[in-house]
*Asks:* 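Structure provided below as structure tokens; questions to follow.
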Amino acid sequence: MKNFYFEKTHNDKHSKARTGYLHTPHGVVETPMFMPVGTLATVKFLTPEDLKKVGSGVILSNTYHLWLRPGEDVVDAAGGVQKFMHYDGPMLTDSGGFQVFSLADSRKIKEEGVTFKSHLDGSTLFLSPEKSIQVQNKIGADIIMSFDECPPYPATYEYMKNSVERTLRWAQRGKIAHQRPEDQALFGIVQGGEFEDLRRFSAEELVKMDFPGYSIGGTSVGEDKETMYRMIDYAIKYLPDDKPRYLMGVGSIDAILEGIERGVDMFDCVLPTRIARHGTCMTSVGRINIKRKDYEYDFTPLDPKCDCECCQNYTRAYLRHLHRCNEGLASRLLSIHNIRFLINLTEQARIAIKEDRFTSFKEQVLSQSGFDGRGF
RNA sequence: GGAGAGGUAGCGAAGUGGCUAAACGCGGUUGACUGUAACUCAAUUCCUUCGGGUUCGGCAGUUCGAAUCUGCCCCUCUCCA
């Protein structure tokens, strides 16, 4: 596909970390990068202009959610999701596979696809690999995902083996169903849980199908960090060097750094925006819960080292006030900050990689004052 | 001056003899959150040296036992003069 390709620019000499450019029909973005999640064609509380300001490269949207509302035909009629939401940058849609996992109540996974209940009205829905791709073709994102099963953790080897095999068949079916390979890059998703041979099998089989990019799925589903890092190692080992690797659903500071060190190029996560709405912030001095009484009279910036709109213009005391009063501006400003924080983290990471000092950069960030090992 | 209603934890509000240290909501405090059913959810909220102590306007009673029953007092609100 001409409109989409990955161009590796540098390999850290002492780790598997690398930098590159991801070329998409809606622009070129540098990797490793963090992608904010905008499930319903909006990153909650932010405008596309806000996202541009914080240096966001790619944003996500979601097949399942847009399929239900407003419906893929509306998005298609609008001219695609970017036009629909007045955003002109690169986008990626998740396939709905994760919803099969997160809306796990009363779902039935069969070879044809998954039957499950709508979270909106309880009606019975059916999503298949073909249907997911068909919807994603209409939504029109630059990068689309294979319809996969995100298996629970822990799962037995037997369960995982069946799931991996089925997800591979679904990947093949989705590839065949894909109507717009010229302007939408379809990624395959490596599964296999904590099992090395299954991760390997999943990766190798996907590579045979030749996707323009590969995702690592089934992480951040309850396993401990060390297990997750092993899952990444198992998968990446068998993925081609010249294709982008996307670690799905990972957005804590330590996990992003560990992922980059292992050769991951793309991350997405709801964490920064969700915890922002709940009053928690990632900062250079560690985790800050803006609700705390400690900040009642604190007229300093949220993060003294941050260059975002929130930290440049507002104080902790004011942000605490806004949050306590349930003012939407708190959600907006804290979301801007958290996203900027992670994007800045990846920007710094890219510089470190280019200077072949990624591991020491990682160690330095993780040992920063206030970082208490709780994830960020 | 007359008639009526009422005073319960920071606030609002249940409770009308024991299962009530007192429902529920708000407010307060703390925590969680990882391909978004999430401006959500959880814990905690009289004092405590964790043994216990002191509460339901105040005081005095009835009772084995009172926020709940009786008497007096204080205060608030509504209506009529």
Side-chain angles (χ1 to χ4, degrees), chain A residues 34-46 58-66 68-69 92-107 116-122 125 132 136 141 143-151 153 187 189-191 214-225 228 246-256 258-259 264 266-282 287-296 320 322-335 338 342 372 374-376:
Chain A
F34 175 77
M35 309 181 285
V37 180
T39 304
L40 286 159
T42 170
V43 177
K44 297 186 191 301
F45 287 94
L46 304 188
V58 176
I59 60 173
L60 259 69
S61 192
N62 184 276
T63 303
Y64 165 77
H65 289 282
L66 292 185
L68 293 195
R69 278 190 316 205
L92 181 158
T93 41
D94 185 30
S95 63
F98 187 74
Q99 279 59 47
V100 169
F101 168 74
S102 64
L103 279 60
D105 284 349
S106 62
R107 62 170 173 170
F116 60 118
K117 296 248 161 111
S118 160
H119 74 285
L120 294 178
D121 61 6
L125 301 170
S132 171
Q136 294 189 79
I143 303 169
I144 65 178
M145 288 297 128
S146 292
F147 185 68
D148 66 330
E149 182 194 351
C150 179
Y153 179 88
F187 279 31
I189 304 178
V190 180
Q191 292 289 354
Y214 299 90
S215 302
I216 299 167
T219 56
S220 273
V221 288
E223 79 283 9
D224 58 68
K225 289 275 167 74
M228 178 169 84
Y246 162 29
L247 181 58
M248 307 182 80
V250 168
S252 64
I253 294 166
D254 51 354
I256 286 177
E258 296 292 343
V264 174
M266 307 158 67
F267 301 85
D268 84 285
C269 198
V270 305
L271 193 65
T273 43
R274 179 179 292 166
I275 67 176
R277 273 177 272 123
H278 300 166
T280 304
C281 315
M282 303 173 176
R287 182 186 184 118
I288 283 183
N289 187 335
I290 204 65
K291 285 179 285 192
R292 290 181 63 95
K293 196 173 178 59
D294 311 18
Y295 307 119
E296 187 174 18
R320 173 175 191 268
L322 289 179
H323 191 270
R324 275 159 40 98
C325 296
N326 201 26
E327 282 293 335
L329 184 56
S331 294
R332 184 173 120 78
L333 292 172
L334 297 183
S335 292
N338 278 350
L342 288 185
D372 60 5
R374 277 188 301 172
F376 53 87

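Each chain gets a letter, A, B and so on, in the order the sequences are listed, and its residues count up from 1. Note that this is a predicted model, so its numbers are computed, not measured. The basis for the numbers below is simple: all heavy atoms, side chains too, and nothing from hydrogens, waters or symmetry mates.
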*Asks:* If the plane angle is over 60° it's perpendicular, under 30° parallel, otherwise tilted; pick one for A/His65 and A/His119.
*Replies:* perpendicular
*Asks:* Closest to the A/Asp268 side chain: B/rU34, B/rG35, B/rU36?
*Replies:* B/rG35
*Asks:* Syn or anti for B/rG18, with syn set at within 90° of 0?
*Replies:*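 Anti conformation here, the glycosidic angle of B/rG18 being more than 90° from 0.
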*Asks:* Which whole number of Å gives the distance between the P atom of B/rG58 and that of B/rU68?
*Replies:*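 Rounded to whole Å, the distance is 10 Å.
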*Asks:* Can you say whether a donor on the side chain of A/Ser102 sits under 3.5 Å from an acceptor on the base of B/rU36, or the other way round?
*Replies:*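 Flag unset: no donor-acceptor pair detected.
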*Asks:* If the condition is salt bridge (Lys or Arg N to Asp or Glu O under 4.0 Å), which residues does A/Arg332 pass it with, not counting sequence neighbours?
*Replies:*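 Partners of A/Arg332 by the salt bridge (Lys or Arg N to Asp or Glu O under 4.0 Å) criterion, ordered by chain and then number, come out as A/Asp50, A/Glu309.
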*Asks:* Whole-Å distance between B/rC39 P and A/Leu333 CG?
*Replies:*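 Distance, rounded to whole Å: 17 Å.
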*Asks:* CD1 of A/Ile288 versus P of B/rC33: gap in Å, rounded?
*Replies:*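 Those two atoms, CD1 and P, are 17 Å apart.
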*Asks:* Once you apply a heavy-atom cut-off of 4.0 Å, does A/His323 come out as touching a base, just sugar-phosphate, or nothing?
*Replies:*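 Answer is nothing: A/His323 stays at 4.0 Å or more from every strand.
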*Asks:* Take atom P in B/rU16 and the same atom in B/rA60, then report the distance between them in whole Å.
*Replies:*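 Looking at atom P only, B/rU16 and B/rA60 are 26 Å apart.
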*Asks:* In whole Å, measure the gap between the C1' atoms of B/rU49 and B/rA66 for me.
*Replies:* 31 Å
*Asks:* Could you state the CZ-P distance from A/Phe101 to B/rU34, rounded to the nearest angstrom?
*Replies:* 10 Å
*Asks:* In whole angstrom, give me the gap between the P atoms of B/rA14 and B/rG6.
*Replies:*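 Approximately 11 Å lies between the P atom of B/rA14 and that of B/rG6.
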*Asks:* Pick the P atom in B/rG57 and in B/rA67, then give their distance to the nearest Å.
*Replies:*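 Looking at atom P only, B/rG57 and B/rA67 are 10 Å apart.
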*Asks:* For B/rG1, give its Watson-Crick or G-U wobble partner with both distances under 3.5 Å, or none.
*Replies:* B/rC80
*Asks:* For B/rU29, does OP1 or OP2 lie under 4.0 Å from any side-chain N or O of A/Arg324?
*Replies:* yes
*Asks:* Do A/Thr219 and A/Glu223 meet the criterion of a side-chain donor-acceptor pair at a distance under 3.5 Å?
*Replies:*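 The criterion, which ignores hydrogens and geometry beyond distance, is not satisfied for A/Glu223 and A/Thr219.
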*Asks:* When the distance from CD1 of A/Ile275 to C1' of B/rC39 is rounded to whole Å, what number comes out?
*Replies:*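 Nearest whole value for this atom pair: 14 Å.
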*Asks:* Partner lookup for B/rA67, please. Criteria are Watson-Crick or G-U wobble with both distances under 3.5 angstrom; report none if nothing qualifies.
*Replies:*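 B/rA67 is paired with nothing.
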*Asks:* Nearest-nucleotide wise, let me know which of A/Gly328 and A/Thr273 is further upstream toward the 5' end of RNA chain B.
*Replies:*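 With A/Thr273 and A/Gly328 compared, the 5'-side residue is A/Thr273.
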*Asks:* Heavy atoms under 4.0 Å, any strand shown: does A/Leu60 hit a base, just sugar-phosphate, or nothing?
*Replies:* sugar-phosphate
*Asks:* Is any side-chain nitrogen or oxygen of A/Gln99 closer than 4.0 Å to OP1 or OP2 of B/rG35?
*Replies:* no
*Asks:* Who does B/rG12 pair with, Watson-Crick or G-U, both distances under 3.5 Å?
*Replies:*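 The answer is B/rC24, by the H-bond criterion.
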*Asks:* Between A/Asp294 and A/Arg277, which residue's closest nucleotide on RNA chain B lies nearer the 5′ terminus?
*Replies:*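 Final value for this comparison: A/Asp294.
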*Asks:* Among B/rG35, B/rA37, B/rU30, which nucleotide has an atom closest to any side-chain atom of A/Phe98?
*Replies:* B/rG35
*Asks:* C1' atom, B/rG71 versus B/rU54: distance in rounded Å?
*Replies:* 25 Å
*Asks:* To the nearest Å, how far apart are A/Lys225 NZ and B/rC33 P?
*Replies:*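 Those two atoms, NZ and P, are 9 Å apart.
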*Asks:* Looking at B/rU30, which nucleotide sits across from it as a Watson-Crick or G-U wobble partner, both distances under 3.5 angstrom, or is there none?
*Replies:*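 Its partner is B/rA42 (Watson-Crick or G-U wobble, both distances under 3.5 Å).
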*Asks:* Please confirm whether the backbone N or O of A/Phe187 pairs with a side-chain atom of A/Ser146, one donor and one acceptor, at under 3.5 Å?
*Replies:* yes
*Asks:* For A/Arg274 and B/rU34, is the shortest distance between a side-chain N/O and OP1 or OP2 below 4.0 Å?
*Replies:* yes
*Asks:* OP1 or OP2 of B/rG28 less than 4.0 angstrom from a side-chain nitrogen or oxygen of A/Arg292, does that happen here?
*Replies:*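 So the side chain of A/Arg292 is outside the cut-off, no N or O lying under 4.0 Å from OP1 or OP2 of B/rG28.
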*Asks:* Partner lookup for B/rG17, please. Criteria are Watson-Crick or G-U wobble with both distances under 3.5 angstrom; report none if nothing qualifies.
*Replies:* none
*Asks:* In whole Å, what separates the C1' atom of B/rC73 from that of B/rC79?
*Replies:* 25 Å
*Asks:* Mind checking who B/rU54 pairs with, Watson-Crick or G-U wobble, both distances under 3.5 Å?
*Replies:* none
*Asks:* Whether A/Arg287 contacts B/rG31 is assessed here as follows: a side-chain N or O lying under 4.0 Å from the phosphate OP1 or OP2. Is that the case?
*Replies:* no
*Asks:* Assign A/Glu296 to base, sugar-phosphate, or nothing according to its heavy-atom contacts below 4.0 angstrom with the strands shown.
*Replies:* nothing
*Asks:* Is the aromatic ring of A/His278 within stacking range of B/rU40, meaning centres under 5.5 angstrom and planes under 30 degrees?
*Replies:*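 By the stated criterion, A/His278 and B/rU40 stack.
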*Asks:* Using a 4.0 Å heavy-atom cut-off across all strands, classify A/Thr39 as base, sugar-phosphate, or nothing.
*Replies:*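 Base: the residue A/Thr39, judged by heavy atoms under 4.0 Å, touches a nucleobase.
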*Asks:* Contact class for A/Gly218 vs. all strands (heavy atom < 4.0 Å): base, sugar-phosphate, or nothing?
*Replies:* base
*Asks:* Could I get the full list of side-chain hydrogen bond (donor to acceptor under 3.5 Å, both in side chains) partners for A/Glu327, not counting sequence neighbours?
*Replies:*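 Counting only residues at least two positions away or on another chain, A/Glu327 forms no side-chain hydrogen bond (donor to acceptor under 3.5 Å, both in side chains).
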*Asks:* Tell me the interatomic distance from A/Leu271, atom CG, to B/rA38, atom P, rounded to whole angstroms.
*Replies:* 16 Å
*Asks:* Measure from CE on A/Met35 to P on B/rU34 and round the result to the nearest Å.
*Replies:*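 That distance rounds to 17 Å.
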*Asks:* Return the pairing partner of B/rG6 with a 3.5 Å limit on both distances, Watson-Crick or G-U wobble; otherwise return none.
*Replies:*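 B/rG6 is paired with B/rC75.
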*Asks:* Taking OP1 and OP2 of B/rG35, is either one under 4.0 Å from a side-chain nitrogen or oxygen of A/Asn62?
*Replies:*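 So the side-chain polar atoms of A/Asn62 never come under 4.0 Å of the phosphate oxygens OP1 or OP2 of B/rG35.
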*Asks:* Rounded to the nearest 0.5 Å, how far does CG of A/Leu333 lie from CG of A/Leu322?
*Replies:* 7.0 Å
*Asks:* For B/rG31 and A/Asn289 - does any side-chain N or O of the residue sit under 4.0 Å from the phosphate oxygens OP1/OP2?
*Replies:*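 Looking at the OP1 and OP2 atoms of B/rG31, one of them is under 4.0 Å from a side-chain N or O of A/Asn289.
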*Asks:* In this structure, how many angstroms lie between the P atom of B/rA32 and the NZ atom of A/Lys291, rounded?
*Replies:*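 From A/Lys291 NZ to B/rA32 P: 9 Å.
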*Asks:* Quick one: is A/Ser220 getting a side-chain N or O under 4.0 Å of the B/rU34 phosphate, OP1 or OP2?
*Replies:*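 Result: no.
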*Asks:* Both distances under 3.5 Å, Watson-Crick or G-U wobble: report the partner of B/rU62, or none.
*Replies:*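 WC or wobble partner does not exist here.
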*Asks:* For nucleotides B/rG4 and B/rG51, find the distance between their C1' atoms and express it as a whole number of Å.
*Replies:*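 B/rG4 and B/rG51 have their C1' atoms separated by 50 Å.
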*Asks:* Strictly distance-based, threshold 3.5 Å: is any side-chain N or O of A/Thr63 a donor or acceptor partner for the main-chain N or O of A/Asp94?
*Replies:*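 Indeed, once roles are kept as given, a pair shorter than 3.5 Å links the two residues.
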*Asks:* By the definition side chain to side chain contact (heavy atoms under 4.5 Å, CB included), identify the one residue from A/Leu271, A/Asp268, A/Ile59, A/Leu92 that meets it with A/Val37.
*Replies:* A/Asp268
*Asks:* Let's go through A/Val221 and A/Phe101 carefully: what are the C-alpha distance in whole Å and the side-chain angles of both, what is the deciding distance for side chain to side chain contact (heavy atoms under 4.5 Å, CB included) to 0.1 Å, and is it a yes or a no?
*Replies:* CA-CA 10 Å; A/Val221 288; A/Phe101 168 74; 3.7 Å; yes
